[in-house]
Structure formats: structure tokens, C-alpha cells
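What follows is a short report on a single structure.
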2 protein chains.
Amino acid sequence: MESSIAAHERLVTKLESDSRLSDEDREAVRQLPFTVKDLPRGVDIVRDGDRPAECCLVVSGLVCRYKLLLGGKRQILSFHLAGEIPDLQSLFLKRMDHSLAAITPVRAAFIPHAALRALVGSRPSVAAILWRETLIDAAIFREWIVGLGRRTAMQRVAHLLCELAVRFRAVGLAGDHHYTLPVTQSELGDAVGISNIHVSRVLRDLRDAGLVLVSGGTVTTLNWDGLVELSEFDPDYLHLTRPEP
Amino acid sequence: MESSIAAHERLVTKLESDSRLSDEDREAVRQLPFTVKDLPRGVDIVRDGDRPAECCLVVSGLVCRYKLLLGGKRQILSFHLAGEIPDLQSLFLKRMDHSLAAITPVRAAFIPHAALRALVGSRPSVAAILWRETLIDAAIFREWIVGLGRRTAMQRVAHLLCELAVRFRAVGLAGDHHYTLPVTQSELGDAVGISNIHVSRVLRDLRDAGLVLVSGGTVTTLNWDGLVELSEFDPDYLHLTRPEP
DNA sequence: CGGTTACTTGATGCGTGTCAATGTTAGTGG
DNA sequence: CCACTAACATTGACACGCATCAAGTAACCG
């Protein structure tokens, strides 16, 4: 019961805060069927090649999307916090072209495609909000492309730490100068395209430069402006300001 | 007149081929207002920071999206062929977080946001098709992230050439073993995150390996299977197979 | 308490960037 | 038709960022 309420709350809160929905829209969202599951750290939630029949709403915990190369190398494509639906694209792209994994223990609500499809088919305002979510996803992908293509290892790590700081704060999961990021250095490396060993060196350099401290799953900002300047971080791409009604 | 017909044709053909639309849906698409413009090579169609009031449908030519860094470095985010709408996301994300440029002379049809918004608000089937387009866009971004993060320069170039071969062929713009790609080596480098000079070296190596020949704006495939194997190219991420009705 | 996982540090080498010089091609005007 | 130019492409020399290998430390946990 507890978890069910939380799951619905996440989605409804998100939808309500995002735009002015009619009472009918809200009611339709509330009536979405779903199943809550608790998943241990490390498991694949959906796998590359799967044809899932439901979408996964993150209720709590940290989730990532990734792809594996033939040689065993891994590239993390995105991180997803509570309230997000990382595989919303599976509603329209039947076959998964990547995997979804739990980085921490995760509580997730699974919503059947059929119900979601009916919802977006009959409620254009809800569809617009969800569509917009997938577009912000794509905007973040674009920014990652810029980082991977044109920024140094140190800038990439700094940029990612800035992005996550802003996103964690936006959902109330970050304090003023620190947030919890339960991620290994290997995972960081797989996200920014460098080796785990070099992550260690870069984090040391960032610490020595007095910019940020990453240790024990906690990120502590020492000099936010310096971090922003180093990584050329501009939060516009996150499109966090609410759209005009 | 000629161009007007062509623009409508591109869009209607695309929508019809993508799914079963009702006659009313098709009629609604046909009644979209738009303005056709011919743009010279090199111009920015939309700029980072803009708040456009219309979307750009590529009727002919080659378009790219890109971002500039403070140091003047450029990262190309995507290429767009005839029939695509590269800035469809501006329907829901008001402020552009990147720019859109004409790589070749381009003929484009501009469709007002208001009309598009009305269309997707009243025609869920049309909305679903356009939404799906933006999701495929995102899938391509993901694959680029993998390349930039985890592939060598040679693999990245080979992968891009594979991707474009498949996409050009899908819209009937490629022969069996060659296609026209009017792109400079600097632009290639900006897309795959390497210097223009190294592009030259990589293209020589690809030629010497008997895989592909890039010269004078034409890509000639010498050994498709070898190219696919080298770059680990798997076209699934392009989601070219039509969705089931 | 032994084994596992995560992290750190140093040594070495490769891949790619950068700089500089040269070659090639297409376009332009006399 | 040729001289001139500008843009694009090629090649070599050198430097540097990061990968990789190897060894060692620290924290955790059955």
C-alpha cells in the first residue's frame, strides 16, 4: 500500500507540476494500472533486444541505460532518478536497442503499454507532457555527445557532476553543497567514456583543484562556479523551467 | 508550385507509409500550412537560444544540428535527409539548445507550431508517428554516444558511413555500392569527434584496407561486410522496419 | 580471517591532436 | 584559356592525454 501510493504520487505529482491538466486528465492518470517491484542492485531491468510490454517508472533508487560492445566495453547512456520513466520510448519502439539496469536497489512501478497507449491516445495533454519528457531525454543525449566528442576527461566528469547536482536538486534529493551519488568509479568512467583508473586520477585532480569532492558515494561541491566554468556547464539543456501553460 | 507539392508529398508520403492513418488524418496533414524556402549552403536555419515559432521539414539537401563550445570547437549532433523534421522538438522545448544548419543548399518547408500543435492535439495517430520520429532521433543519439565513448576514430568513421548508407538507401537516395555525401572532412571530424587532419588519415586507412572510398562527395563501398564488422554496425537502432499497424 | 570489490599509484605505450608545409581542385576574372 | 585565389585535402614531425598493465592499499563481509 505504502509503495503503491508512492508510485502513483510520483507520477501524478510529476504530471500535475508539469502543466495544467484537467480533472479528467488527472483522474485518467490515477487510474493507470501498475505493479510495484523491488529490485536488487545490479540487475538488468530490461535487456537489449527485449520487446517489453510495460514501462518502468522509477519510484526510488538510481537507474541507468547502457549498451555493451562486442569486446565487453560498456557505455552508459543516461542516469535516471525517482519519478522518471527511462524506457518510455518502448511504447513506440518495440525492440529495445539498449539495456536498463538498477545501479542501486530500486523500487519501480511497471505500467502496461496497453494502458499507457490508451491514455496518450485519449488525453492529448498527458501525451504532450510525456512526449516532452522524451525530448528532454534526447536533449541530455545531445549534451553528452558534445562532452564525449569535444571535452577533456576532466571537463566531462565535472560536467556530469554538475548535471546530476542540478537534476538531484530539482527533485529535492540534494542539499546545498552535496548530494548522494552511489556510483562506482567504473560506472562513472563508463558514462563519460574514460577508464576507471583515469576516473580516479581525474577525481584527485578535481579535489586538488578545490572544485569538488567525490567520496563514499557522496558528491560535495567545494567551488560550484569553478566547476561550472571548467566544464562549461549551462543547465539550459535540461529544460527544467516549466513550460508556459 | 512544384516545390509546394514536393514538400507536402514528403510529409504525407512519410506519414502514410509509416502507419495506417484514417482518411481524416491524411486530410488534416494535407491541410497543414507551410512556407517553402531555398537556403544557400552553410547558413544557420535556427540558432542556439532561439525560440522558433515553426518547424523545418527538409524537402531536399542535407542538414545538420550542432553545438559550439566556448573555444570555438564544434560538435555535430546529427545529419538530416529529405523528409525529416530536425527541430520537431521545438514544438515542446521552447528554447533551442543547439543550432541547425544547411550543409548543402537546402529546400525546406516551414510549418507553424500552432498548426502542428493543433494537429497533434486532435489526431493522436499523427501524434504517435511524429513522437516516434523523435524517439528514433534519440536512438541515433544513443548510438553516437556509444561511438564517441567507446570506439576508435576508424570505427567511428566507418560506423557513420554505414549509418548514412542505410539511411540514404531507406529514402531511395543511394545506389547499391555508393551514395552522395557532400560533406567536408572537417564536418566529418566534427561529427565523430576527431580532428579534420585525422579524418584524412582514417579515410586513407579505410581505403587502404579495401573497405570504403570517400572522395569528391561520394562514398563508395568496397567491402560492406568488412565495414560492418570493423565498426560493429547493427542497424537495429535505426528502427527502420515499419511498426505493426 | 580470507576473499572480494573498490580505489590508488606508478610505469609505459599507443592513439590522436597540433603545427607546419605542400598538394589538389574548383571557381573567378582578365 | 590562363593566372590567381580560396577552400579543401594530404603528409610528416612532434607532443600529450589517456589506456593499459602491474602492484599495492583499504573497506567490507561471509
Side-chain angles (χ1 to χ4, degrees), chain A residues 40-43 62 69 71-76 103-105 147-160 180-209 212-219 230-231, chain B residues 40-43 62 69 71-76 103-105 147-161 180-209 212-220 230-231:
Chain A
R41 176 197 133 131
V43 300
L62 187 61
L69 299 197
K73 288 182 185 171
R74 179 174 69 157
Q75 176 64 45
I76 290 180
I103 287 193
T104 65
L148 288 163
R150 292 303 185 200
R151 283 195 255 261
T152 65
M154 194 156 161
Q155 290 178 305
R156 285 183 233 174
V157 172
H159 197 279
L160 178 59
T180 301
L181 184 66
V183 155
T184 68
Q185 293 187 357
S186 284
E187 288 162 339
L188 274 182
D190 285 344
V192 300
I194 64 180
S195 69
N196 55 351
I197 294 172
H198 201 55
V199 171
S200 177
R201 288 192 267 252
V202 165
L203 290 181
R204 166 171 50 73
D205 293 345
L206 287 171
R207 172 165 35 80
D208 291 352
V212 66
L213 188 63
V214 181
S215 170
T218 299
V219 178
L230 169 68
S231 61
Chain B
R41 175 196 135 134
V43 300
L62 187 62
L69 300 197
K73 287 181 184 172
R74 179 174 69 158
Q75 177 65 46
I76 290 180
I103 288 194
T104 63
L148 288 163
R150 292 304 186 200
R151 283 195 255 261
T152 66
M154 194 155 159
Q155 288 178 307
R156 286 183 231 173
V157 172
H159 197 279
L160 177 60
L161 295 177
T180 301
L181 184 67
V183 156
T184 67
Q185 292 187 356
S186 285
E187 287 162 339
L188 274 181
D190 286 343
V192 301
I194 65 180
S195 68
N196 54 352
I197 293 173
H198 202 53
V199 171
S200 178
R201 289 191 274 247
V202 165
L203 291 181
R204 166 170 49 73
D205 293 346
L206 286 171
R207 173 165 31 84
D208 291 352
V212 65
L213 187 65
V214 182
S215 170
T218 299
V219 178
T220 308
L230 168 69
S231 60

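Below, chain A is the first sequence line, B the second, and so on; all start at residue 1.
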Pairing residues for [X] by the side chain to side chain contact (heavy atoms under 4.5 Å, CB included) criterion, not counting sequence neighbours:
X         : result
Arg41(A)  : Pro105(A)
Ser231(A) : Ala158(A), His159(A), Cys162(A), Phe233(A)
Pro182(B) : Leu62(B), Thr104(B), Thr180(B)
Glu187(A) : Arg74(A), Ile76(A), Ile103(A), Val183(A), Thr184(A)

So, using side-chain hydrogen bond (donor to acceptor under 3.5 Å, both in side chains) as the criterion, who are the partners of [X] when residues are at least two apart?
X         : result
Asp205(A) : none
Thr218(B) : none
Ser195(B) : none

Could you run down nucleotides 12-30 of chain D 5' to 3' and tag each one B, S or - for protein heavy-atom contact under 4.0 Å? BB----SBBBB--------

Taking all non-hydrogen atoms of both residues, which atom of Leu213(B) and which atom of Arg207(B) are closest, and how far apart?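 It is CD1-CD, 3.0 Å.
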
Selection residues 193-202 of chain B - residue pairs positive for salt bridge (charged side-chain N to carboxylate O under 4.0 Å, His left out), sequence neighbours left out: none

Given axes from five pairs at either end, by how many degrees does the helix from dC1(C)-dG30(D) to dG30(C)-dC1(D) bend, rounded to 10°?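 Rounded to the nearest 10 degrees, the bend comes out at 40°.
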
Taking any atom under 4.0 angstrom from a heavy atom of chain B, which nucleotides of DNA chain C are the first and last to qualify, 5' to 3'? dT16(C) to dA20(C)

Would you call Leu181(B) and Val214(B) a side-chain contact if the rule is heavy atoms closer than 4.5 Å? no

Which part of the nucleic acid does Arg41(B) contact within heavy-atom distance under 4.0 Å: base, sugar-phosphate only, or nothing? sugar-phosphate

